[in-house]
Amino acid sequence: MGKTVWIGDVQDGLHDEQTVELKGWVKRTRGSNKIRFIVLRDSTGTIQCVGKRDVLGDEAFESLKGALIESSLILSGTILVDERADGGHEMTISNVKIVGSVDPERPFPITESAMAAADGGETEFLLDNRHLYLRTSRMTTMLKLRSSAFGAIHSYFRGQDFIEYQAPNFVAGAVEGGSTLFEVPYFGKKAYLTQSWQLYAEAAMPALERLYTIAPSFRAEKSRTRRHLTEFWHAEMEMAWATNDEIMNHGEGLVRHIARTMLDEHSPELTSLDRDIERLALYADSPYPRMRYDEAIEILQGKGVDVEWGQDLDYSKEKVLTQDFDLPHFLTHYPKIAKPFYHRVDPDDGNYVLCHDLLAPEGYGEIIGGGERTWSEEEILKRIDEEGTPRDPYQFYIDVRSYGGVPHGGFGLGVDRVISWLSGAEHIREVIPFPRDSRRVTP
RNA sequence: GCCGAUUUAGCUUAGCUGGUGGAGCGUGGGACUGUUAAUCCCAAGGUCGUGGGUUCGAGCCCCACAAUCGGCGCCA
């Protein structure tokens with residue numbers, strides 16, 4: 001009951017003149033009462049299949065007519081080269097088996113009008129029917145690009161001798177402020193869903209030295225933007241002995257490798273999304289400029305933006321800053337007062353921390369946040385106390401520094417954001433199968 | 001948390017100054033031997049988001065609520 005013939009291979013000419021069995025789903029049908037055209041879809045492509053009444057007989061022909069959109073079929077027949085068919089190949093059907101039929105009372109709800117209304121994006125209806133929208137060509141393309149990006153992240157880090165390492169998703173404390181944690185009941189106690197792998201990665205840093213992960217992170221932010229999810233996929237790395245510059249080199253290397261991999265594996269798909277391949281090639285091949293926070297403030301003030309030194313840069317300011325950029329830019333050396341305790345203070349100037357954000361162009365915002373960590377026991381205690389953060393939940397984090405602390409650092413990359421940016425999506429929801437945000441946990 | 005908008009058939013929508021809601025797609029029936037979102041004819045399908053109010057009369061005006069969408073803060 002397996003499957004041996006793939007529509008993509010048929011369209012590539014691997015089965016010309018052969019009699020084969022195609023297994024797939026009906027994408028569209030049309031025809032008369034003598035001839036029927038079935039556009040059959042599988043995960044690799046589509047092909048037009050032609051059924052004729054005088055060849056099939058009345059019974060098989062009528063059953064073919066009854067195969068509504070998204071019915072699953074097994075069609076047997078001969079593959080012919082035919083210019084009249086999309087893709088250049090066509091099957092002449094000799095036998096029909098309907099595997100899963102569709103009730104005419106409840107036809108497939110994702111209609112042409114529903115797709116046209118979304119205009120390449122999304123509508124409430126398509127979000128409600130996400131489980132069915134997944135099988136349309138646009139979502140299938142996004143899911144393939146997504147797979148490509150995940151594969152690229154693994155291949156980049158493994159190629160650089162990083163070790164994949166897993167942290168728990170139930171945690172006791174926060175990485176960021178704390179107000180954005182999801183609280184979950186835990187056998188009469190409170191636990192939280194992790195916001196980041198970082199703190200647990202630092203515990204393993206003295207063991208593995210170079211480590212990475214791809215894992216979901218959870219943030220209870222009521223953000224309603226095209227860049228935010230409450231559950232997102234986080235690619236993080238941690239590296240012993242590393243400087244801010246070295247960490248940035250990896251961030252740049254990783255993002256360029258993702259762009260290159262997506263281009264190598266899916267250029268036709270990117271073109272089908274109207275993405276400019278030349279632009280992506282620029283992202284894959286160019287070095288990314290680096291700029292200090294102070295310089296960014298000067299540029300913004302020069303443009304008349306009301307911003308003071310010491311403020312974190314919110315999206316409205318990022319947008320102004322990046323609107324003239326045609327490449328991702330690193331922003332480094334933020335003021336200490338704008339960043340949490342785990343960022344290492346710059347030994348050359350105590351007002352700054354050794355950190356970086358990578359800002360994507362085209363208005364996609366921040367895709368990487370990282371830097372060197374506060375690594376001595378003395379300094380971490382000082383910074384935790386300065387911020388008024390309780391020590392208790394972080395005792396294991398402090399211990400890491402008490403026993404042979406070393407300089408180290410890392411970054412976190414928002415995988416969905418990168419895919420959204422590289423695919424040119426209107427909204428981050430378009431690149432994840434079942435998006436979760438502050439107002440939606442279904443389907 | 002703040003600001004703005006939307007809600008009419010399964011989907012997408014039109015609906016005038018308040019006077020018994022039309023269409024396209026899809027579905028069903030019919031016609032057609034090569035279609036490309038096939039075409040042509042016919043039919044079924046609506047308590048106009050929910051509740052209240054104004055009015056002789058509300059899809060339309062007013063109030064409340066709900067759901068959803070967009071933007072901001074925050075961040076990846």
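Chain letters run A, B, ... following the sequence lines, proteins first, then strands; residues in each count from 1.
When the nearest nucleotides of RNA chain B are assigned to Thr92(A) and Leu358(A) by heavy-atom distance, the more 5′-ward of the two goes with Thr92(A). Each of Pro104(A) and Trp233(A) has a nearest nucleotide on RNA chain B; the 5'-most of these lies closest to Pro104(A).
Summarising the geometry, the separation between NZ on Lys65(A) and P on G26(B) is reported as 16 Å, rounded to the nearest angstrom. Atoms CZ (Arg429(A)) and P (U68(B)) sit 11 Å apart, rounded to a whole Å. Going from atom CD of Glu238(A) over to atom P of A76(B) covers 14 Å, rounded to whole Å. Rounded to a whole Å, the NZ atom of Lys222(A) is 13 Å from the P atom of U68(B). Rounded to whole Å, the distance from CZ on Arg224(A) to C1' on C3(B) is 12 Å. As a whole-Å value, the separation of Arg30(A) CZ from C25(B) P is 16 Å. Atom pair Ile69(A):CD1 and G10(B):P shows a separation of 18 Å (rounding to whole Å applied). Rounded to an integer number of Å, the gap from CG of Asp86(A) to C1' of G34(B) is 14 Å.
For the side-chain contact (heavy atoms from CB on, under 4.5 Å) test, residues two or more places apart in sequence or in another chain that qualify with Glu231(A) are Pro216(A), Phe218(A), Arg436(A).
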Polar pairs (N or O, both sides) under 3.5 Å between protein and nucleotides 44-49 of chain B?
none

Give each protein N/O atom lying under 3.5 Å from an N/O atom of nucleotides 12-15 of chain B, with the pair distance.
none

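At U36(B), none of the side-chain N or O atoms of Arg84(A) fall inside 4.0 Å of OP1 or OP2 (strictly under the cut-off). OP1 or OP2 of U33(B) has at least one side-chain nitrogen or oxygen of Asn33(A) nearer than 4.0 Å. Taking only side-chain nitrogens and oxygens, His427(A) comes nearer than 4.0 Å to OP1 or OP2 of G70(B).
Among the heavy atoms of the strands lying under 4.0 Å from Glu221(A) is at least one base atom, whether or not backbone atoms are also near. Looking at heavy-atom distances under 4.0 Å, Leu229(A) makes contact with a base.
Here C74(B) is the nucleotide among C74(B), G71(B), G10(B) with the atom lying nearest to any side-chain atom of Arg227(A). Ranking C75(B), C72(B), G34(B) by closeness to the Lys319(A) side chain, first place goes to C72(B).
At a threshold of 4.0 Å, the pair Arg146(A)-Asp416(A) counts as salt-bridged, since one of the basic side-chain nitrogens sits closer than that to a carboxylate oxygen. Using a cutoff of 4.0 Å between basic side-chain nitrogens and carboxylate oxygens, Arg275(A) and Glu269(A) are not scored as salt-bridged.
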Can I get a per-line list of side-chain donor-acceptor pairs under 3.5 Å for residues 60-68 of chain A, giving both atom names and the distance, sequence neighbours left out?
from, atom 1, to, atom 2, distance (Å)
Glu62(A), OE2, Arg53(A), NH1, 3.3
Glu62(A), OE2, Arg53(A), NH2, 3.0
Ser63(A), OG, Ala60(A), O, 2.8

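For residues 78-127 of chain A, the set of pairs meeting the ring pair (Phe, Tyr, Trp, His ring centres under 6.0 Å) definition, not counting sequence neighbours, is empty.
Ring orientation note: the planes of Tyr283(A) and Trp421(A) are tilted relative to one another, at an angle of 30° to 60°. Tyr352(A) and Trp309(A) have perpendicular rings, their planes meeting at more than 60° on a 0 to 90° scale where under 30° would count as parallel. Aromatic ring orientation, Tyr394(A) versus Tyr397(A): perpendicular (interplanar angle above 60°, classes split at 30° and 60°).
When each of His257(A), Arg260(A), His250(A) is checked for a side-chain hydrogen bond (donor to acceptor under 3.5 Å, both in side chains) with Tyr156(A), only His250(A) meets the rule.
For the 3.5 Å distance criterion, the side chains of Asp245(A) and Thr243(A) fail to qualify, holding no donor opposite an acceptor.
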Handout entry: Steps toward side-chain hydrogen bond (donor to acceptor under 3.5 Å, both in side chains) verdict (Asp294(A), His333(A))
Key = CA-CA 8 Å; Asp294(A) 286 4; His333(A) 299 83; over 6 Å; no

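Between His154(A) and Tyr212(A), the gap from one ring centroid to the other is short of 6.0 Å.
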Practice task
For RNA chain B, just give me the dot-bracket, please: Watson-Crick or G-U, both distances below 3.5 Å, ( ) intra-strand, [ ] crossing earlier pairs, | paired with another strand, . unpaired.
Solution key: (((((((..((((.....[..)))).(((((.......))))).....(((((..]....))))))))))))....

